[in-house]
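Notes to accompany the following structure.
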Amino acid sequence: MKKNTKRMTAFGIAGILLLTGCGGKADTSSPAGADGMTSQEAPSEAAWELPEADFGTEGGTTADSGMESPSESAAGENAADAVDGAAEKYADIAKTPQNSYSRGSAENERKIEGAEELNDDLYAKGDAPDGYLGSCYEFDEEIDSEDNQEEYSKWEEQGFFSVMEQPLSTFSADVDTASYSNLRRLIREGYDLESLPEGAARIEEMVNYFSYDYEGPRGQEPFGVTTQIGRCPWNDEAELLMVGLKTEDISYDQAPASNLVFLLDVSGSMGEPDKLPLLQEAFAELTDNLSSKDRISIVTYASEDTIVLEGVVGSEKRKIKRALNGLQAGGGTWGSRGIETAYELAEENFIRGGNNRIILATDGDLNIGMTTEEELEELISEKKESGIFLSVLGFGTDNIKDNKMETLADKGNGNYAYIDCMQEAKKVLSEEMTATLLTVCKDVKLQVEFNPEQVEAYRLLGYDNRVLDREDFHDDTKDGGEIGAGHSVTALYEIILREPLQHKLPGMTEREIDDLKYGSEYRKRAEEMPASGSKYREWLTVSIRYKKPAGSKSELLEYPIGYDSYCEDPSNDFLFAAAVAEFGLLASHSAYPEDASVERVIKTVKKLDLKDIYKREFLELVEEVQ
């Protein structure tokens with residue numbers, strides 16, 4: 001359960017005040033800025049001002065020193081029994097979906113209790129002064145539950161479908177990664193799996209956060225497709241299907257010219273250290289990778305919107321960083337006004353044949369103008385027809401509106417990432433810069449048709465908010481997902497076969513068969529086993545539709561999949577993706593966890609050769625909630 005860290009902070013402050021006195025009254029006023037370089041209109045409650053020494057001044061007189069950023073099983077042994085078990089379990093499947101703070105210790109709690117007793121004794125003689133001095137040592141009792149204003153969308157989880165009732169599974173691609181990095185933040189703050197907010201864990205975003213060694217594109221196709229089938233770790237009656245897409249990776253130097261608009265939230269809620277200061281440092285990191293072919297504009301919004309820079313050449317890094325460093329937080333949050341201004345500016349500087357994109361950085365806490373998900377969806381759906389893409393970067397804790405940021409990205413031909421630390425900013429805006437900023441395929445939709453002769457039932461893991469009607473697949477007016485250069489997209493299905501596979505031997509892998517003296521004879525005998533012939537027929541077909549970034553007509557690709565994709569000894573990519581999905585079942589409080597367990601996730605990942613620092617970090621995160 002999340003601990004009351006803010007209460008601990010209050011105790012620390014109270015201790016300092018006891019030693020030093022309450023001090024003078026803070027000046028909560030802030031100058032009104034007309035050019036976006038200082039704080040916006042003052043909010044009704046005092047907003048924290050960021051130190052000018054770190055973030056520059058209105059006149060842009062920050063010391064010119066390069067303008068650095070502000071801070072640095074298996075089917076079972078008896079196939080007949082397995083068939084009977086699966087038939088009984090899935091016979092009546094419905095047509096529709098079924099639906100880095102440390103934890104407080106006991107010692108800390110005792111300290112708090114002691115402080116409260118001390119507070120009771122401070123004015124034991126009944127001479128407590130009136131006003132502020134009489135209350136400045138009081139503790140906020142329920143600050144944890146009152147202050148957390150985070151919002152997440154809740155979607156109906158997709159259950160198992162009977163192939164005879166619903167042979168087609170249709171959904172749009174998703175390359176968002178925000179759910180995983182936000183989940184990492186929550187766990188590091190002290191949440192356990194049971195107390196994670198509903199809707200915070202989205203399995204597809206957790207899996208797609210990581211990169212995989214999938215096949216690249218062939219010929220003129222925009223992406224390579226990798227398929228693999230293996231045993232489902234958490235469901236003995238199912239096999240697990242992995243479908244992986246990967247686009248060609250290119251360096252930003254080879255990318256077309258970019259027209260980028262930084263749309264930055266500088267409202268009062270952005271005054272926390274993990275919001276505007278981190279935002280400034282993150283965008284300074286992005287600025288270091290820009291070139292003379294790029295054009296950069298900056299729009300800020302609080303109670304009003306302000307154009308800070310317009311069409312500046314990307315090589316003018318000092319000028320861009322000076323503008324970033326001069327931003328201060330204050331005022332309300334008129335996000336819809338800022339969005340409209342940013343699109344107008346992007347259209348004025350539109351580069352034909354180039355990469356035209358708005359990068360919105362916010363905590364999503366909108367309180368002026370259009371504020372509901374429905375209003376924002378209507379607004380952004382109109383704007384996306386301009387040919388301008390949208391990337392959304394989420395910042396902050398306690399009041400982030402994940403639901404609104406996800407809506408903006410999904411409906412604005414864009415992607416959504418959550419920045420919880422500078423390492424994540426480097427990953428999103430530097431290491432994966434082209435994947436984040438350069439769309440190579442838009443309106444990407446997938447449709448999987450299952451062969452009822454082979455497959456009894458199936459379940460798509462995640463993508464609950466991306467499900468489409470079967471007819472939407474061929475309708476080019478229906479929105480799909482966007483995929484950037486070098487992106488990999490993974491979809492996982494649990495599939496129940498009509499005739500469960502007779503695995504060669506319990507626990508026998510291809511590698512173990514290779515070690516046998518009579519390995520070839522073993523394989524020959526296995527192929528001659530009765531009732532094994534039908535498994536070689538096609539199990540399913542994966543169809544993919546996509547459009548070119550500036551196109552309006554979709555192209556179709558089809559990939560039949562059968563037993564030749566089955567592997568008794570799956571790849572590291574398969575095993576890792578399955579482990580992340582298994583953890584996602586637990587984190588999302590899935591209604592279909594079967595035998596999913598943290599212990600098996602850890603055991604699986606520890607056996608893999610983890611050269612990727614982000615995959616090693618995943619193991620550490622899972623161990624933290626064990």
Pair Y592, E594: side-chain N/O donor-acceptor within cut-off below 3.5 Å: no

Heavy-atom check, side chain of I602 versus side chain of T604, under 4.5 Å: no

Evaluation steps, salt bridge (charged side-chain N to carboxylate O under 4.0 Å, His left out), between R466 and D410: CA-CA 9 Å; R466 297 282 186 157; D410 290 352; 2.7 Å; yes

side-chain hydrogen bond (donor to acceptor under 3.5 Å, both in side chains) evaluation trace for S181 with D420: CA-CA 7 Å; S181 50; D420 61 331; 5.1 Å; no

Sub-4.5 Å side-chain heavy-atom contact between F160 and I496: yes

Test of ring centre spacing under 6.0 Å for Y418 and Y180: no

Carboxylate-amine/guanidinium contact E494 R459, below 4.0 Å: yes

Side-chain donor/acceptor of D402 to backbone N/O of Y152, under 3.5 Å: no

Atom of Y463, atom of T490 and distance for their closest heavy-atom approach: OH-O, 2.6 Å

Gap separating the CD atom of E272 from the OG1 atom of T397, nearest 0.5 angstrom: 7.0 Å

Exercise: do E538 and N451 side chains pair donor with acceptor under 3.5 Å: no

Y212: partners by ring pair (Phe, Tyr, Trp, His ring centres under 6.0 Å), with sequence neighbours left out: Y214

Donor + acceptor pair across side chains of N465, E406 (<3.5 Å): yes

Polar side chain donor-acceptor pair, D573 to S571, under 3.5 angstrom: no

Donor-acceptor side-chain pairing of E239 and Y566 below 3.5 angstrom: yes

Flag for T227-S565: side-chain donor and acceptor within less than 3.5 Å: yes

Y209 vs R184, side-chain hydrogen bond (donor to acceptor under 3.5 Å, both in side chains): CA-CA, chis, key distance, verdict: CA-CA 12 Å; Y209 178 87; R184 176 178 62 203; 3.1 Å; yes

Verdict with supporting geometry, T333 and D363, side chain to side chain contact (heavy atoms under 4.5 Å, CB included): CA-CA 10 Å; T333 316; D363 59 7; 5.5 Å; no

Verdict with reasoning, I400 to R185, per side chain to side chain contact (heavy atoms under 4.5 Å, CB included): CA-CA 12 Å; I400 65 167; R185 185 262 304 179; 3.4 Å; yes

K478/E471 ion pair, N-O < 4.0 Å: no

Derivation of the side chain to side chain contact (heavy atoms under 4.5 Å, CB included) call for F223 and I544: CA-CA 10 Å; F223 35 67; I544 305 171; 3.5 Å; yes

Face-on cation placement of K427 at Y614 ring, 6.0 Å and 45° thresholds: yes

Derivation of the salt bridge (charged side-chain N to carboxylate O under 4.0 Å, His left out) call for K442 and E482: CA-CA 4 Å; K442 72 176 183 179; E482 280 60 52; over 6 Å; no

Flag for T362-D265: side-chain donor and acceptor within less than 3.5 Å: yes

Residues in salt bridge (Lys or Arg N to Asp or Glu O under 4.0 Å) contact with R545, at least two apart in sequence or another chain: none

E582 with R600: basic N within carboxylate O range, under 4.0 Å: yes

Flag for K611-N572: side-chain donor and acceptor within less than 3.5 Å: no

Any donor-acceptor N or O pair under 3.5 Å, side chains E157, S590: yes

Cation-aromatic face contact K615/F576, 6.0 Å, 45 degrees: yes

From CA spacing to verdict: salt bridge (charged side-chain N to carboxylate O under 4.0 Å, His left out), E568, R231: CA-CA 8 Å; E568 290 281 351; R231 304 185 191 187; 3.1 Å; yes

Donor-acceptor pair between T170 and Q447 side chains, under 3.5 angstrom: yes

Any donor-acceptor N/O pair, D472 side chain to L468 backbone, under 3.5 Å: no

Donor-acceptor pair between S179 and N182 side chains, under 3.5 angstrom: no

Main-chain N/O of M242 paired to Q228 side chain as donor or acceptor, under 3.5 Å: no

Worked verdict on Y493 versus V448 for side chain to side chain contact (heavy atoms under 4.5 Å, CB included): CA-CA 10 Å; Y493 280 91; V448 180; 3.6 Å; yes

E285/K426 under salt bridge (charged side-chain N to carboxylate O under 4.0 Å, His left out): CA gap, chis, key distance, verdict: CA-CA 7 Å; E285 178 79 19; K426 291 177 182 290; 3.1 Å; yes

Ring geometry between Y563 and W539 (parallel below 30°, tilted from 30 to 60°, perpendicular above 60°): tilted

Under 3.5 Å side-chain donor-acceptor pair for S169 and R470: no

